[in-house]
Visitor: 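Have a look at the structure that comes next, please.
Chain A is the first sequence line, chain B the second, and so forth, proteins listed ahead of strands; every chain is numbered from 1.
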Amino acid sequence: MQEKYHPQEIESDAQRHWEASAAFSAVEIPGKPKYYCLSMFPYPSGKLHMGHVRNYTIGDVLSRYRRMQGYNVLQPMGWDAFGLPAENAAIQNNVPPAQWTYDNIAYMRKQLQSLGLAIDWSRELATCAPDYYRWNQWLFLRMLGKGLAYRTTGAVNWDPVDQTVLANEQVIDGRGWRTGALVEKREIPMYYMKITAYADELLETLSVLPGWPERVKTMQANWIGKSFGVDVIFPADTHSGMPQALKVFTTRADTLLGATYVAVAAEHPVAQYAARGNPKLAGFIEACKHGATMEAELAVQEKKGMNTGLFVIHPLTEAKLPVWIANYVLMGYGEGAVMAVPAHDERDFEFATKYSLRIRPVIKPSESNLTIPLAQAYVEHGVTFDSGEFSGLEFQAAVDAIAAALEQKGLGEKRVHYRLRDWGISRQRYWGCPIPLIYCDACGVIPVPDDQLPVVLPEDLVPDGAGNPLAKTPSFYECACPQCGKPARRETDTMDTFVDSSWYYIRYACAGQDTAMTDASVNYWLPVDQYIGGIEHAILHLLYSRFWSKVMRDLGLVKFDEPFANLLTQGMVLNEIMFRKTETGRVTYFNPADVDIQTDEQGKRIGALLRADGQPVESGGIGTMSKSRNNGVDPQKLVEHYGADTARLFMMFASPPEQTLEWVDTGMDGAFRFLKRLWKQVYEHVRQDVPAADPAQGKDVDGELKALHFQLHQTIAKVSDDLGRRHTFNTAIAAVMELMNTLGKLEDSSPAARSLTQESLEKIVLLLSPIVPHICHALWRELKPGTELLDQRWPQADSTALVQDEIELVVQVNGKLRGQIRIAKDTKREVIERMALESGQVQKFIAGKTVKKVVVVPGRLVNIVV
RNA sequence: GCCGGGAUGGCGGAAUUGGUAGACGCACGGGACUCAAAAUCCCGCGACUGUGAGGUCAUGGGGGUUCGAUUCCCCCUCCCGGCACCA
């Protein structure tokens, strides 16, 4: 055995050994319990970042731990290979996105392999491969056939200079990121998937996911947002010229009598109608086009509106209510119209105050009165008043009565509403999965026949930033109508990349199956037993995946209801964001590693300069490591310098996995030091001939060895629990470090001590092996020559070793620590109380006071209340 | 703005079910070894106070429940994630 720890040597040796023995290739073994451990696949952005290392190390630790427990483990890997960054890189470097993507995959695969992950690489997939996205297209057509996919219009960000659709990310302060031009909202035809048809099931089955974090389930439930309300029809006041009735949805029908106006979206037909021959209104509608599309911006933007001069009739009071156009009402969210109750809705109150509209209170707290006029909206539930026959009712009674009255008049009814909206999947982009449809002048929209799938995306185009290159490539879009054979035009929109990632975990199970989307092996491996990925995916990706797999289930392609039995949402690895902004609003990001921080004498930060040009850069706070913000940390240097094991160990030790981690690499040395110490301990031990095992094995010996033996088994129990149940890898590592510290201090050289040392080192190597597999692989061969670590079972804690006959109790006076007592395990309560009162400093603190109460918590403490 | 999280020494974090706050590690300080440095090993390390044993304070801020609160409840501040075309 070498004296020194050489990570590079032992890591490449271990990796070669695993590869040569195909150690991680997964095969279905009927009857053996399976464990499908899946980490979210990476976007091939160029290099790994620390978030990847965290994600994949967690997955690897769990995979290796389960394997040692006898599970048949599948841990696959692939690439979420379509997407926007490839197009941006293409524009920048004049290279086709395909080439950039494949180069990145090749590089990142090497990086992943250097981490020593127990992955079955034979199942690797990339979503940009035709044999993968073919099935996106195939399933989309099935959904179209079942009415689960449909075509309608949707709003997009339009850059008038580049004549192109922008992603939300490409809109900065309302301007296009490349052109700086003011972005407009445009309505264009798009395809949608009817996720709302599954809203109820998606909500209900959250309750059968005990292995999901509460916070994720809460977020999904809120996102789906099931609410019970009433559809209300406001008939047109035809005298005012109002062309149609308006339908609105409200969850606060109890406030209906307080409605003083109705607001419609700028895109609403009534708004369009009112604007005819009214330049001021037309101008306002035009201005609304430059408003926000994103909900976050919408919620904070200044509320603006304009009176149309049209009126509707209040369905119950028959009062005339003015119809306004408001920038906070969006077409495509519900009916594109809302009733406004300024007295009981904050947004309406703000709007009514601004435009001097009527505020009519109709709800008051049950026990008191409102101060009128209101200083702010009263939004709580209360009791109706000033509402004619509906006065004096509590919330639900008022809603019921008003809904019944509306229903009788044919002007409304109760309805369940979901906040969830259908999933728009059309993207006016090149680097994505083509939507398999053909437009024929004679036959209309025609699906590409199954035997002509996949519609292959040409891989040699280079986008120039101005529109989708597919729409400029006749060889792609020119085709024959499958129905009549006449010349027709192929759809040039591609699918949202969330489609690709909604079922990749299913495809891993049947990788290489080229005649069907799934096969029998899917039912062996699925559902995923443990899914691991960033908390940022808590809603969209996970919800789309749940939806997509339910559609597949209903098509008979899979048998499970929920794709991910257990979910571990890792916290994000954050890093500082550094950037510069030009006058046009164009932003360039710089990697924090290329920036020097300027400090004053007290070490306080005064600025930051880019090392390359010495010019200042701005700090955008800290945020998730991402390609777009260029704040990723490449783990490559760490792996090269310390080895993969140190990088893995440090990552796992730095914090518990669910917690956000602000990246700092101080501490890396500590992890490396620990591995060197472990190596040295084993080296010092095996250097001497190991004597025959002493049957005593530390059990009947006293003092130091007994304590070590106890700690060893306590550590086995703790590490097993931390890895398997709690997923707190940091505390598992800390426990092993403590054990190592004790072992290092052992000064006994008896045969019993040697055999206990051997046992301890073996167990330590086994316990650490999921986290630092390479060094453990090498050390195991030294400790147990002729055997392989991968064939070993997870150690069991010896319960007899954990029995203690004496325990220590803490003694408190008024909740403050004042002493300790050692007692036999089954000491009676009265004896404990007496001992506590006599112990340590206790007398001093109870002298002259009356003992009111003595609280004894068995096995823990005694609290004396005076 | 809305939804979900978070805040504990100089730093990362621990305290698992309401029961000894600061495990483990980093950084730092002191010492040993060395011609010297690195590496390694040993000791110390929340703040204030005391010669000392010890005492007091302290888990973002304010209030509450409890014999006892980092943990539960209410209010507030700041930070992070998501908000439907970044992935």
Visitor: Select one nucleotide: of B:C80, B:C67, B:C26, the one nearest the side-chain heavy atoms of A:Leu574.
Guide: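 The answer is B:C80.
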Visitor: Considering only atom C1', compute the distance from B:G54 to B:G62 and round it to an integer number of Å.
Guide: 32 Å
Visitor: Remember a base hit wins even if backbone is also touched, and classify A:Arg427 as base, sugar-phosphate or nothing at under 4.0 Å, heavy atoms.
Guide: base
Visitor: For B:U40, give its Watson-Crick or G-U wobble partner with both distances under 3.5 Å, or none.
Guide: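 Paired with B:A32.
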Visitor: With a 4.0 Å cutoff (strictly under), does any side-chain N or O of A:Arg818 reach OP1 or OP2 of B:G55?
Guide: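 For A:Arg818, the contact criterion (side-chain N or O under 4.0 Å from OP1 or OP2 of B:G55) is met.
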Visitor: With a 4.0 Å limit, can you tell me whether A:Lys816 has a side-chain N or O closer than that to the phosphate oxygens OP1/OP2 of B:C57?
Guide: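 True: A:Lys816 side-chain N/O within range (under 4.0 Å) of B:C57 OP1/OP2.
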Visitor: Does B:G9 sit syn or anti, given that only angles within 90° of 0 count as syn?
Guide: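 Classified syn.
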Visitor: Which part of the nucleic acid, if any, lies within reach of A:Pro656 when heavy atoms closer than 4.0 Å are counted: base, sugar-phosphate only, or nothing?
Guide: sugar-phosphate
Visitor: Has the side chain of A:Asn863 got a donor or acceptor atom sitting under 3.5 Å from an opposite partner on the base of B:C67?
Guide: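 Indeed, a donor on one side and an acceptor on the other fall under 3.5 Å apart.
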Visitor: Measure up the A:Tyr43 and A:Trp100 rings against each other and bin them: parallel (under 30°), tilted (30 to 60°), perpendicular (over 60°).
Guide: tilted
Visitor: Counting any heavy atom closer than 4.0 Å, what does A:Met668 reach on the DNA or RNA strands: base, sugar-phosphate only, or nothing?
Guide: nothing
Visitor: Side chain of A:Gln820, heavy atoms from C-beta onward: which of B:U20, B:G4, B:A87 has the nearest atom to it?
Guide: B:U20
Visitor: Pairing check on B:U77: which nucleotide meets the Watson-Crick or G-U wobble criteria with it, both distances under 3.5 Å?
Guide: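 Matched B:U77 with B:A7 under the 3.5 Å cut-off.
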Visitor: So, A:Gln428 and A:Thr164: side-chain donor and acceptor under 3.5 Å apart, yes or no?
Guide: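 No - no donor-acceptor pair under 3.5 Å links their side chains.
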Visitor: From the options B:G4, B:C85, B:G82, select the nucleotide whose nearest atom is closest to the side chain of A:Glu536.
Guide: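 Nearest to the side-chain atoms of A:Glu536, counting from C-beta on, is B:G82.
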Visitor: Mind checking A:Lys718 for me? I need base, sugar-phosphate or nothing, with any heavy atom below 4.0 Å counting as a touch.
Guide: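 Base contact.
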Visitor: Could you tell me whether A:Arg677 contacts a base, only the sugar-phosphate backbone, or nothing, with contacts defined as non-hydrogen atoms closer than 4.0 Å?
Guide: sugar-phosphate
Visitor: Contact between A:Leu809 and A:Ile832 at the side-chain level, heavy atoms closer than 4.5 Å - yes or no?
Guide: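 Yes, side chains in contact.
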Visitor: Scan every strand shown for a Watson-Crick or G-U wobble partner of B:G1, both distances under 3.5 Å, and answer none if you come up empty.
Guide: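 Check on B:G1: paired to B:C83, both distances under 3.5 Å.
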Visitor: How is A:Phe650 classified with respect to the nucleic acid when contacts are heavy atoms under 4.0 Å: base, sugar-phosphate, or nothing?
Guide: nothing
Visitor: For B:G54, give the paired nucleotide (Watson-Crick: N1-N3 plus N6-O4 or O6-N4; G-U: N1-O2 and O6-N3; both under 3.5 Å), or none.
Guide: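 Matched B:G54 with B:U49 under the 3.5 Å cut-off.
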Visitor: Identify whether any heavy atom of A:Val171 sits under 4.0 Å from a base atom; if not, whether one sits that close to sugar-phosphate; answer base, sugar-phosphate or nothing.
Guide: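 If one applies the 4.0 Å heavy-atom cut-off, A:Val171 turns out to touch nothing in the nucleic acid.
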Visitor: Which residue, A:Gly667 or A:Ile864, contacts RNA chain B at a nucleotide closer to its 5' end, judged by nearest heavy atom?
Guide: A:Gly667
Visitor: What nucleic acid atoms does A:Asn730 come within less than 4.0 Å of, heavy atoms only: base, sugar-phosphate, or nothing?
Guide: sugar-phosphate
Visitor: Do A:Arg818 and A:Phe845 meet the cation-pi criteria used here (NZ or CZ under 6.0 Å from the six-membered ring centre, within 45° of the axis)?
Guide: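 Geometry flag: set, cation within 6.0 Å and 45°.
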Visitor: Which part of the nucleic acid, if any, lies within contact of A:Gln812, taking any heavy atom under 4.0 Å across all strands shown: a base, the sugar-phosphate backbone alone, or nothing?
Guide: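 The residue A:Gln812 makes base contact.
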Visitor: To the side chain of A:Pro85, which of B:C86, B:G25, B:C67 is closest?
Guide: B:C86
Visitor: Considering every strand and a 4.0 Å limit on heavy-atom distances, what is the contact class for A:Gln659: base, sugar-phosphate, or nothing?
Guide: sugar-phosphate
Visitor: Using the P atom in both, what is the distance from B:G30 to B:A37, to the nearest Å?
Guide: 13 Å
Visitor: Under 4.0 Å from OP1 or OP2 of B:G25: is there any side-chain N or O of A:Asn741 that close?
Guide: yes
Visitor: Could you check which of B:G25, B:C26, B:C85 has an atom nearest any side-chain atom of A:Arg673?
Guide: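 Within the option list, the nearest is B:C26.
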Visitor: If only side-chain N and O atoms of A:Lys852 are considered, is one of them under 4.0 Å from the OP1 or OP2 phosphate oxygen of B:C67?
Guide: no
Visitor: Which of the following nucleotides, B:G25, B:G4, B:U20, is nearest to the side chain of A:Leu817?
Guide: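 Minimum distance to the A:Leu817 side chain belongs to B:U20.
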Visitor: Just checking A:Leu540: base, sugar-phosphate only, or nothing, at a heavy-atom cut-off of under 4.0 Å?
Guide: base
Visitor: Are any of A:Arg860's side-chain N or O atoms less than 4.0 Å away from OP1 or OP2 of B:U16?
Guide: no
Visitor: Does a nitrogen or oxygen in the side chain of A:Thr497 sit under 4.0 Å from OP1 or OP2 of B:A87?
Guide: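 It does, given that an N or O in the side chain of A:Thr497 lies less than 4.0 Å from OP1 or OP2 of B:A87.
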Visitor: Taking for each residue the nucleotide of RNA chain B bearing the nearest heavy atom, is the 5' side occupied by A:Tyr544 or by A:Ala299?
Guide: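 That would be A:Ala299.
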Visitor: Output the single nucleotide from B:C67, B:G4, B:A84 whose closest atom is nearest the side chain of A:Leu420.
Guide: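 Nearest to the side-chain atoms of A:Leu420, counting from C-beta on, is B:A84.
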Visitor: Under 4.0 Å between any heavy atoms, over every strand shown, what does A:Ala538 touch: base, sugar-phosphate, or nothing? Just pick one.
Guide: nothing
Visitor: Under 4.5 Å between any side-chain heavy atoms of A:Asp500 and A:Cys433, yes or no?
Guide: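 Yes, close enough: below the 4.5 Å cut-off.
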Visitor: May I ask you to test the A:Val811-A:Ile864 pair for a side-chain heavy-atom distance under 4.5 Å?
Guide: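 A side-chain contact exists here, since the closest heavy-atom pair is under 4.5 Å.
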Visitor: Of the candidate nucleotides B:G4, B:C26, B:G81, which contains the atom at the shortest distance from the side chain of A:Arg215?
Guide: B:G4
Visitor: Can you classify the ring geometry of A:Trp431 versus A:Phe82 as parallel (below 30°), tilted (30 to 60°) or perpendicular (above 60°)?
Guide: perpendicular
Visitor: Going by purine N1 to pyrimidine N3 plus the second Watson-Crick contact, or the G-U wobble pair, all under 3.5 Å, which nucleotide sits opposite B:A69?
Guide: none
Visitor: Are A:Glu87 and A:Arg427 close enough for a salt bridge, meaning some N to O gap below 4.0 Å?
Guide: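 Not counted as a salt bridge, because no side-chain N and carboxylate O are separated by less than 4.0 Å.
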Visitor: Select base, sugar-phosphate, or nothing to describe what A:Val865 touches, counting heavy atoms under 4.0 Å on all strands.
Guide: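 It contacts sugar-phosphate atoms only.
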Visitor: Pick base, sugar-phosphate or nothing for A:Trp223, based on heavy-atom distances below 4.0 Å to the nucleic acid.
Guide: base
Visitor: Choosing from B:G19, B:A84, B:U40, which nucleotide comes nearest the side chain of A:Lys680?
Guide: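 Of the options given, the side chain of A:Lys680 lies nearest B:U40.
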